[in-house]
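Each chain gets a letter, A, B and so on, in the order its sequence line appears, and its residues count up from 1. Just so it is clear, the model here is predicted, and its values are computed rather than measured.
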Protein chains: 2
Amino acid sequence: MSKIKVSSTNYANKQLLNEECNEVYAANIIGGQWSLAICCALINGKMRFGELRKILPTITERMLTLQLRRLEDNGILKRTVYAEVPPRVEYELTGIGQQLEPIIRALETWGQAHKNLHL
Amino acid sequence: MSKIKVSSTNYANKQLLNEECNEVYAANIIGGQWSLAICCALINGKMRFGELRKILPTITERMLTLQLRRLEDNGILKRTVYAEVPPRVEYELTGIGQQLEPIIRALETWGQAHKNLHL
DNA sequence: TACGGTACTATAAAAAAGGTAAGTAATGAG
DNA sequence: CTCATTACTTACCTTTTTTATAGTACCGTA
């Protein structure tokens with residue numbers, strides 16, 4: 001995750017799919033390696049950066065920051081900075097972010113069913 | 001998409017998430033650039049390779065093949081080869097593949113809502 | 001014999017995503 | 001003054017995903 005190259009075929013293809021298929025558009029928004037896990041963690045309420053890091057023990061700080069920024073840019077979560085030292089930053093789902101919950105639950109159920117099939 | 005390096009941290013992280021979160025596991029299965037679009041196309045019934053290619057005009061044959069193989073390996077779709085010349089191959093969703101439909105619809109609705117917010 | 005249609009495969013390269021390691025700022029505690 | 005704490009940032013590197021381009025087998029038709 002970093003800068004995208006707007007001149008690439010890949011970029012053009014993504015744009016095209018995003019325009020034509022809202023489900024692909026949605027999948028792209030929640031589609032980073034850690035995005036869904038982060039959303040899932042925030043379903044139960046706000047959390048600090050460090051708490052998220054504990055819940056996702058193997059994520060690097062860089063990745064956590066990047067994914068949080070992307071989710072924030074996409075309006076999925078809200079970031080609140082408290083002017084304290086040491087700093088305190090809280091993350092919480094926005095309205096549209098909370099509307100992901102039924103989708104997450106459905107994916108969870110489907111994933112479980114799929115796993116059972118492939119035992 | 002090709003061989004994965006089982007010794008990479010990335011691979012380990014994915015495995016871990018897949019084990020712990022069924023929703024992430026599910027997202028990984030339907031999470032290629034074209035996978036959802038392919039599933040979507042197949043919701044209305046079986047299709048041939050060439051038909052899929054027409055629906056996704058900018059996909060390369062290689063990508064279409066790779067994604068179809070992956071979906072097949074994951075039991076999302078079934079591939080039927082007819083011993084004819086020129087060859088004919090049909091793809092259709094399996095049972096678990098069809099169970100994706102409500103999820104796709106939900107993603108579609110959510111995607112639309114999200115787009116409206118960001119106009 | 002050359003050609004067309006279908007569903008691929010092989011190889012290489014580009015682009016995107018993810019990981020490693022180190023550093024930063026501000027402040028209060030010791 | 002030094003250290004610990006928190007939430008990052010930066011530069012660089014590896015892995016994974018996607019794209020580009022060319023080529024294959026088969027057989028019936030012209």
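For the pair A:Leu64 CG and D:dA7 P, the computed distance is 10 Å after rounding to whole Å. For the pair B:Met63 CE and D:dT16 P, the interatomic distance rounds to 14 Å; values are reported in whole Å. For the pair B:Arg79 CZ and C:dT6 C1', the computed distance is 12 Å after rounding to whole Å. A straight line from CZ of A:Arg88 to P of D:dT5 spans 18 Å, rounded to a whole angstrom. Taking atom NZ of A:Lys5 as the reference point, atom P of C:dA17 lies 14 Å away to the nearest angstrom. Between the CG atom of B:Leu68 and the C1' atom of C:dA7 there is a distance of 11 Å, rounded to whole Å. The CG atom of A:Asn13 sits 18 Å away from the P atom of C:dA14 (whole-angstrom rounding). Between A:Trp34 atom CH2 and C:dA16 atom P the separation is 22 Å, expressed in whole Å.
Among the nucleotides C:dA12, C:dA7, D:dA7, the one closest to any side-chain atom of A:Pro87 is D:dA7. For A:Thr9, taking side-chain heavy atoms from C-beta onward, the closest of the listed nucleotides C:dA16, D:dT10, D:dA20 is D:dA20. The side chain of A:Arg69 sits closest to D:dT9 out of C:dA26, D:dT9, D:dT19.
A:Trp110 places a side-chain N or O within 3.5 Å of a backbone atom of B:Ile96 that can act as its donor or acceptor partner. At distances below 3.5 Å, not a single donor-acceptor pair connects side-chain atoms of B:Ser35 with backbone N or O atoms of B:Gly31. Judged purely by atom type and a 3.5 angstrom limit, B:His114 uses its side chain to pair as donor or acceptor with the backbone of A:Asn74. At distances below 3.5 Å, not a single donor-acceptor pair connects side-chain atoms of A:Thr58 with backbone N or O atoms of B:Asn13.
If A:Gln33 and A:Pro86 are placed on DNA chain C by their nearest nucleotide, the residue sitting closer to the 5' end is A:Gln33. Where B:Val81 and A:Val6 each meet DNA chain C at their nearest nucleotide, the meeting point lying more 5' is that of B:Val81.
The stretch residues 48-60 of chain A touches DNA chain C through A:Thr60, each having a heavy atom within less than 4.0 Å of the strand.
Contact check on A:Lys54 versus A:Glu51 returns no salt bridge, with no Lys/Arg side-chain nitrogen under 4.0 Å from an Asp/Glu carboxylate oxygen.
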